[in-house]
Engineer: 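Below you'll find the structure I mean.
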Amino acid sequence: MSTATALRRIGRQLDDPASLGRAVDDLLAARTRPPAVLALGEPTHGIEAFPLLRNELLAHLVERGYRSIVLETDFFAASVVDDYAGGADGGIDAVLATGFSHGFGRVPGNRELVEQLRAHNADREPHDRVRFHGFDAPTESATAPSPRRSLFAVRDHLPAALRPKSVRDLDALLGDDAEWANEAVVHDPSASVGDSDRARALRVVADDLASALRRAAPLLRPVDPDGYDLAAAHARTALGLLRYHAAMADPGPDRLATLLGVRAEMMAENLLAIVARERRRGPVLVFAHNAHLQRAQAGMRLGEDDVSWCGAGALVALALGEDYAFVASDADPRGVPGTLQGALAEATTRRALFPARALLDALPPSTTAGEPIVRGHVPLDPAGVAGADAVVFIADTDGRRHRYW
């Protein structure tokens with residue numbers, strides 16, 4: 001039997017929203033129990049087909065009890081989108097500009113998503129609304145902010161009598177926020193404040209604040225659970241940012257891998273906190289780059305370097321076990337023979353879903369990953385398939401990226 005024939009037999013063609021829903025229902029029904037998290041990955045950002053797939057999937061999952069969607073965007077900025085989706089006043093253009101980090105408000109499909117959420121939530125009780133969350137750190141590709149905002153947020157949430165003594169020098173230790181956000185650091189570790197005596201002292205302050213907040217939880221959380229959870233998010237963010245800045249100051253050969261690993265740790269902590277908070281209302285759909293969601297070790301070509309790290313998906317899957325399910329996606333209009341993308345293209349009409357284990361069994365051992373179709377595209381390879389429960393391949397896209405930055 002040829003590879004194409006074998007793949008056509010195991011693939012589920014996703015020609016419309018109804019067939020997509022049936023295929024995902026069957027995939028989840030085959031598990032020992034329904035997952036608390038269904039993660040859908042994309043191989044790059046800015047290609048319209050992947051967010052549109054996500055929007056179709058969310059519409060189906062909402063009918064199955066899902067009540068939140070989590071995107072690869074700043075944890076705190078996402079509250080702007082969530083408020084608007086819940087009916088708050090404001091213009092959608094402003095929401096897209098301020099509620100997404102990385103310029104993702106301009107990614108095709110995200111405007112439609114926000115409008116979809118607002119329409120669904122209209123006239124619904126809070127417990128039945130679909131919430132919007134971000135699980136990313138408040139960092140960008142070249143910079144990371146000062147931990148000032150998060151450190152003061154935790155301090156201010158604590159009653160004065162419960163604040164650790166180390167916060168007395170907080171403002172002096174932080175200094176000028178511009179020092180922390182210096183864009184020169186991305187190329188020059190010596191320009192970073194992250195390994196200074198002040199930064200090391202701040203890590204003690206951040207740890208003291210986080211500990212004081214945890215110890216005060218029985219007093220504070222019952223009175224204001226939302227406020228406490230926000231302060232806890234700031235506590236873990238302050239610690240994460242200080243670790244990130246320390247890594248930015250390190251000139252060693254593993255600098256990029258460490259930075260990606262620290263970001264992944266922050267993403268994983270945020271996602272686990274969201275899941276814990278949403279668990280009473282329903283399962284969670286999370287959407288991000290495949291590299292952030294796969295169980296296998298992530299890898300990417302950055303400049304001249306091949307960098308690998310354990311992504312957020314690997315960390316969350318370790319914590320959640322069977323409660324975590326991951327569907328990867330990919331596309332390649334060229335369909336080069338001998339590549340995974342070429343094999344999937346030959347077995348796909350518009351879109352198709354392939355169970356990962358059956359897909360791996362059907363592929364010849366010589367199968368390789370294709371070449372990137374745009375900068376930032378990480379083509380799936382057999383190792384990446386092994387870190388997923390299923391793969392969706394999209395054949396009806398030209399692979400063109402919309403500029404969003």
Side-chain angles (χ1 to χ4, degrees), residues 44-46 72-77 97-98 100-107 134-153 169-207 234 236-267 270 288-289 291-292 298-309 311-312 372 374-378 401 403-405:
T44 190
H45 303 309
E72 181 187 339
T73 193
D74 177 14
F75 180 92
F76 299 106
T98 60
F100 290 85
S101 54
H102 317 311
F104 286 170
R106 295 187 292 275
V107 169
F135 77 117
D136 206 352
T139 60
E140 293 294 343
S141 58
T143 61
S146 163
R148 176 186 299 275
R149 175 191 177 195
S150 287
L151 288 169
F152 274 100
D169 301 323
L170 186 53
D171 204 54
L173 290 172
L174 284 163
D176 187 347
D177 288 353
E179 288 183 280
W180 299 88
N182 183 1
E183 292 189 6
V185 173
V186 71
H187 299 298
D188 180 9
S190 68
S192 173
V193 69
D195 194 36
S196 65
D197 290 342
R198 289 190 292 123
R200 286 192 289 272
L202 282 169
R203 294 178 77 171
V204 174
V205 177
D207 185 68
H234 277 296
R236 63 178 181 265
T237 298
L239 286 164
L241 282 174
L242 287 163
R243 288 192 292 266
Y244 194 87
H245 280 289
M248 292 183 82
D250 185 354
D254 296 329
R255 181 178 186 243
L256 287 177
T258 302
L259 287 169
L260 288 165
V262 172
R263 179 189 175 197
E265 181 185 16
M266 296 174 73
M267 295 173 85
N270 285 337
H289 198 290
H292 295 311
M300 190 176 292
R301 183 79 174 174
L302 294 173
E304 300 297 318
D305 301 314
D306 289 316
V307 183
S308 60
W309 72 100
V374 294
R375 184 181 178 187
H377 174 225
V378 182
R401 167 183 280 150
R403 189 174 179 87
Y404 59 86
W405 59 92

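When reading the values below, keep in mind they use all heavy atoms of this one structure, side chains included, and skip hydrogens, waters and symmetry mates.
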Engineer: Go through the steps for Arg243 and Arg203 under the test side-chain contact (heavy atoms from CB on, under 4.5 Å), then give the verdict.
Structural biologist: CA-CA 8 Å; Arg243 288 192 292 266; Arg203 294 178 77 171; 3.3 Å; yes
Engineer: Without swapping roles, check the side chain of Ser150 against the backbone of Pro147 for a donor-acceptor pair under 3.5 Å.
Structural biologist: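 A pair under 3.5 Å: no.
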Engineer: Using distance alone, with no hydrogens and no angle criterion, decide if Asp136 and His102 have a side-chain donor and acceptor under 3.5 Å apart.
Structural biologist: yes
Engineer: When the ring planes of His45 and Tyr404 are compared, do they come out parallel, tilted or perpendicular, using 30° and 60° as the limits?
Structural biologist: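 Because their plane-to-plane angle is over 60°, the rings of His45 and Tyr404 count as perpendicular.
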Engineer: To the closest 0.5 Å, what do you measure between CZ (Arg198) and CG (Asp169)?
Structural biologist: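 Arg198 CZ to Asp169 CG: 12.0 Å, rounded to 0.5 Å.
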Engineer: Please give me the minimum heavy-atom distance between Ala206 and Leu239, naming the atom from each residue.
Structural biologist: CB-CD2, 3.6 Å
Engineer: So, do Phe75 and Thr237 sit near enough that their side-chain heavy atoms are less than 4.5 Å apart?
Structural biologist: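 They are not in contact (no side-chain heavy atoms under 4.5 Å apart), so the answer is no.
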Engineer: Quick check for you: to the nearest 0.5 Å, what is the distance between Met266 atom CE and Tyr244 atom OH?
Structural biologist: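 The CE atom of Met266 sits 9.0 Å away from the OH atom of Tyr244.
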Engineer: Taking all heavy atoms of Thr143 and all of Ala181, pick out the closest pair and write down the distance.
Structural biologist: CG2-O, 3.5 Å
Engineer: Quick one: closest heavy-atom pair of Leu174 and Phe152, and the distance?
Structural biologist: CD1-CE1, 3.6 Å
Engineer: Are the side chain of Glu72 and the backbone N or O of His289 linked by a donor-acceptor pair below 3.5 Å?
Structural biologist: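 It does hold such a pair.
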Engineer: Does Glu179 pair with Arg148 as a salt bridge, N-O distance under 4.0 Å?
Structural biologist: no
Engineer: Evaluate the side-chain contact (heavy atoms from CB on, under 4.5 Å) criterion for residues Leu202 and Leu170: first the C-alpha distance (whole Å), next the side-chain angles of each, then the deciding distance (0.1 Å), finally the verdict.
Structural biologist: CA-CA 8 Å; Leu202 282 169; Leu170 186 53; 3.7 Å; yes
Engineer: In Å and rounded to the nearest 0.5 Å, what is the OG to CG distance from Ser146 to Leu151?
Structural biologist: 7.5 Å
Engineer: So which heavy atom on Trp309 is nearest to which on Ala264, and how close?
Structural biologist: CD1-CB, 4.1 Å
Engineer: Of the non-hydrogen atoms in Arg255 and Ala247, which two are nearest, and what is the gap between them?
Structural biologist: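 Shortest heavy-atom separation between Arg255 and Ala247 comes out as CG-O, 3.6 Å.
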Engineer: Could you state the interatomic distance from CG (Asp197) to CG (Leu173), rounded to the nearest 0.5 Å?
Structural biologist: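 One finds 10.0 Å between CG of Asp197 and CG of Leu173.
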Engineer: Does the side chain of Val107 reach to within under 4.5 Å of the side chain of Phe100, using non-hydrogen atoms?
Structural biologist: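 No. Closest side-chain heavy atoms not under 4.5 Å.
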Engineer: Compare every heavy atom of His245 with every heavy atom of Pro145, then report the nearest pair and how far apart it is.
Structural biologist: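 Heavy atoms only, the tightest pair is O-NE2, 2.8 Å.
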Engineer: Determine, step by step, whether Thr139 and Leu241 satisfy the side-chain contact (heavy atoms from CB on, under 4.5 Å) criterion, reporting the C-alpha distance in whole Å, the side-chain angles of both residues, the deciding distance to 0.1 Å, and the verdict.
Structural biologist: CA-CA 8 Å; Thr139 60; Leu241 282 174; 4.0 Å; yes
Engineer: Quick one, Ser101 with Asp74, criterion side-chain hydrogen bond (donor to acceptor under 3.5 Å, both in side chains). Give me CA distance, side-chain angles, the key distance, then yes/no.
Structural biologist: CA-CA 6 Å; Ser101 54; Asp74 177 14; 5.5 Å; no
Engineer: Any side-chain donor paired with an acceptor under 3.5 Å for Thr44 and Arg401?
Structural biologist: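 Thr44 vs Arg401: donor-acceptor pair found between side chains.
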Engineer: Would Asp250 and Thr258 satisfy side-chain contact (heavy atoms from CB on, under 4.5 Å), going step by step from the backbone distance to the final call?
Structural biologist: CA-CA 9 Å; Asp250 185 354; Thr258 302; 5.7 Å; no
